[in-house]
Amino acid sequence: MNIHSKRLDEHRIEEEPFYLPIGEEITIAEIAHRRGLPLLLKGPTGCGKTRFMQYLAWKLKLPLVTVSCHDDLSTSDLVGRYLIRSGEAVWMDGPLTLAVRAGAICYLDEIVEARKDTTVVIHPLADDRRELPIEKRGELLLAPSSFMLAVSYNPGYQSVLKDLKTSTRQRFVALAFSYPKPELETKIVQRESGMDTALASSLVKLGNMTRALKDSGLAEGASTRLLIQAGKLIGEGIAPRSACEVAVCEALTDDPELLAALSEMVSSLF
């Protein structure tokens, strides 16, 4: 087994991830993969974008190479670089190159966090060329039919400085994600945390109440992920109020007035 095979084994998803569809996103993504189209997932934090990609990779039986983007992410971090080993320069593929060579899925999470000069490297992969130039090696990789490029971002944090360039976003098929409807979100929270339906329903009510505060100074309301974390604490014996305080309220804000408002919401439900 070569080094590329070993690295890819780390990205294979053997067991089916739990995912409940909210629309036609699975069908659209499968068609996009079949036709060689890249995906853009947009939606708030913790609404299921990454879980969707894990489910899609499992369904397509492809490795999922995930990159968490940040403002120090360089082109070399994505494509690869030469490393000195035993006194000689050895090339090491970056995650994007690894995914292209293997015909895997490369998922760039929170793409707007990366530098603009870094994201330009995906342009030839995200149009009908489907190629990745590796300038340091004078190599041009053509992506196999199984390769898929997917990126995500949170529109709620858009600004003039952090937004996708038009030349980038118009290369993608865009899927808009949001928090599930209460009935569906209750099933998700119940399944992921292991709690009973009544408590899961109360947590979902709390989540929707916090989301209504978005226009009152709260950057974002409680994500489905936060509700699940609160549910897991409750399942381990933490009192519901305490669990919601530490897993939801304190995680959302440091502002004393907003914390007081969130605490009142918790008290009204638990």
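Bear in mind that the values here come from a model prediction, so they are computed numbers and not experimental data.
- Checking side-chain atoms of R241 against main-chain N and O of F270 turns up a donor-acceptor pair under 3.5 Å.
- Taking the ring pair (Phe, Tyr, Trp, His ring centres under 6.0 Å) definition, one finds that Y82 meets it with W91, sequence neighbours left out.
- Listed by chain and residue number, A89 satisfy the side-chain contact (heavy atoms from CB on, under 4.5 Å) test with I84 (two or more places apart in sequence, or in another chain).
- What you find for S193 and K232 is that their closest heavy atoms are CB-N, 3.8 Å.
- Rounding to the nearest 0.5 Å places OG1 of T75 at 8.5 Å from NZ of K136.
- With rounding to the nearest 0.5 Å, the separation of CD1 in I228 from CD in E185 is 8.0 Å.
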Criterion side-chain contact (heavy atoms from CB on, under 4.5 Å) on L142 and R130, from CA distance to verdict: CA-CA 6 Å; L142 297 179; R130 286 176 60 84; over 6 Å; no

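- Among residues two or more places apart in sequence or in another chain, the salt bridge (Lys or Arg N to Asp or Glu O under 4.0 Å) test is passed with R51 by E192.
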Check against side-chain contact (heavy atoms from CB on, under 4.5 Å), V79 and V121: CA-CA 9 Å; V79 177; V121 74; 3.7 Å; yes

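- Nearest heavy atom pair, residue A247 against residue L226, reads O-CD2, 3.3 Å.
- Among all heavy-atom pairs drawn from Y107 and V151, the shortest one is CE1-C, 4.2 Å.
- Results of the side chain to side chain donor-acceptor pair (under 3.5 Å) test with N154 over E220, E113, K49 single out E220 as the only residue that passes.
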Evaluation steps, side-chain contact (heavy atoms from CB on, under 4.5 Å), between C244 and M265: CA-CA 10 Å; C244 290; M265 292 178 180; over 6 Å; no

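- Partners of T168 according to the side-chain contact (heavy atoms from CB on, under 4.5 Å) rule, which considers only residues two or more places apart in sequence or in another chain, are I122, H123, L164, K165, F172.
- In this structure, S68 has no side-chain hydrogen bond (donor to acceptor under 3.5 Å, both in side chains) partners at least two apart in sequence or on a different chain.
- Summarising the geometry, atom CG belonging to L56 is positioned 9.0 Å from atom CG belonging to L41; distances are rounded to the nearest 0.5 Å.
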For residues 21-31, which side-chain N or O atoms pair as donor and acceptor with protein atoms under 3.5 Å away, sequence neighbours left out?
{"from": "E25", "atom 1": "OE1", "to": "G23", "atom 2": "N", "distance (Å)": "2.8"}
{"from": "E25", "atom 1": "OE2", "to": "Y19", "atom 2": "OH", "distance (Å)": "2.5"}
{"from": "E25", "atom 1": "OE2", "to": "I22", "atom 2": "N", "distance (Å)": "2.8"}
{"from": "E30", "atom 1": "OE2", "to": "K59", "atom 2": "NZ", "distance (Å)": "2.9"}

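- More than 12 heavy-atom neighbours from other residues, nucleotides or ligands sit within 6.0 angstrom of CD on E16.
- Looking at residues two or more places apart in sequence or on another chain, you find no salt bridge (Lys or Arg N to Asp or Glu O under 4.0 Å) involving R225.
- Side-chain heavy atoms closer than 4.5 Å link hydrophobic residues (I, L, V, M, F, W, Y) into clusters, and following such links, even through other members, never connects V120 to V112.
- Proximity of V189 to V204: side-chain heavy atoms (C-beta onward) are separated by under 4.5 Å at one or more points.
- Annotation: ring pair (Phe, Tyr, Trp, His ring centres under 6.0 Å) contacts involving residues 173-222, sequence neighbours excluded, comprise F52-F177.
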From CA spacing to verdict: side-chain contact (heavy atoms from CB on, under 4.5 Å), L73, L108: CA-CA 11 Å; L73 188 73; L108 305 180; 5.9 Å; no

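- Side-chain contact between L218 and L252 is present, with at least one heavy-atom pair separated by less than 4.5 Å.
- Within the 4.5 Å cutoff, side-chain heavy atoms of M209 are placed close to those of L269.
- One hydrophobic cluster, built from ILVMFWY side chains closer than 4.5 Å, cannot hold both L98 and I13; they sit in different ones.
- Under the rule for a side-chain contact (heavy atoms from CB on, under 4.5 Å), the partners of E245 that lie at least two apart in sequence or sit in another chain are C249, S263.
- Both L62 and M148 belong to a common hydrophobic cluster when Ile, Leu, Val, Met, Phe, Trp and Tyr are linked at side-chain heavy-atom distances under 4.5 angstrom.
- A 4.5 Å side-chain heavy-atom check between L20 and R191 finds every atom pair outside the cut-off.
- Atom CG of L233 sits about 8.5 Å away from atom CD of E236, to the nearest 0.5 Å.
- E131 and P133 make their closest contact through O-CD, 3.8 Å (heavy atoms, listed as atom of the first residue, atom of the second, distance).
- Take D254 and apply the salt bridge (Lys or Arg N to Asp or Glu O under 4.0 Å) test, not counting sequence neighbours, and it matches no residue.
- Using a 4.5 Å cut-off on side-chain heavy atoms (C-beta onward), Y153 and L40 make contact.
- Proximity of L96 to V67: side-chain heavy atoms (C-beta onward) are nowhere separated by under 4.5 Å.
- Atom CZ of residue R81 and atom OG1 of residue T97 lie 11.0 Å apart, to the nearest 0.5 angstrom.
- Listed by first then second residue, pairs satisfying salt bridge (charged side-chain N to carboxylate O under 4.0 Å, His left out) with a partner in residues 33-44 number zero, not counting sequence neighbours.
- Using a 4.5 Å cut-off on side-chain heavy atoms (C-beta onward), L64 and W58 make no contact.
- One hydrophobic cluster, built from ILVMFWY side chains closer than 4.5 Å, cannot hold both L39 and L149; they sit in different ones.
- Closest approach of T45 to S223, counting heavy atoms only: O-CB, 3.0 Å.
- Among residues two or more places apart in sequence or in another chain, the salt bridge (Lys or Arg N to Asp or Glu O under 4.0 Å) test is passed with R137 by E139.
- In this structure, M53 CE and I105 CD1 are separated by 5.0 Å, a value rounded to the nearest 0.5 Å.
- In this structure, L206 is not a member of the same hydrophobic cluster as I238, with clusters built from ILVMFWY side-chain heavy atoms closer than 4.5 Å.
- Closest approach of P240 and L199 over heavy atoms only: CG-CD2, 4.4 Å.
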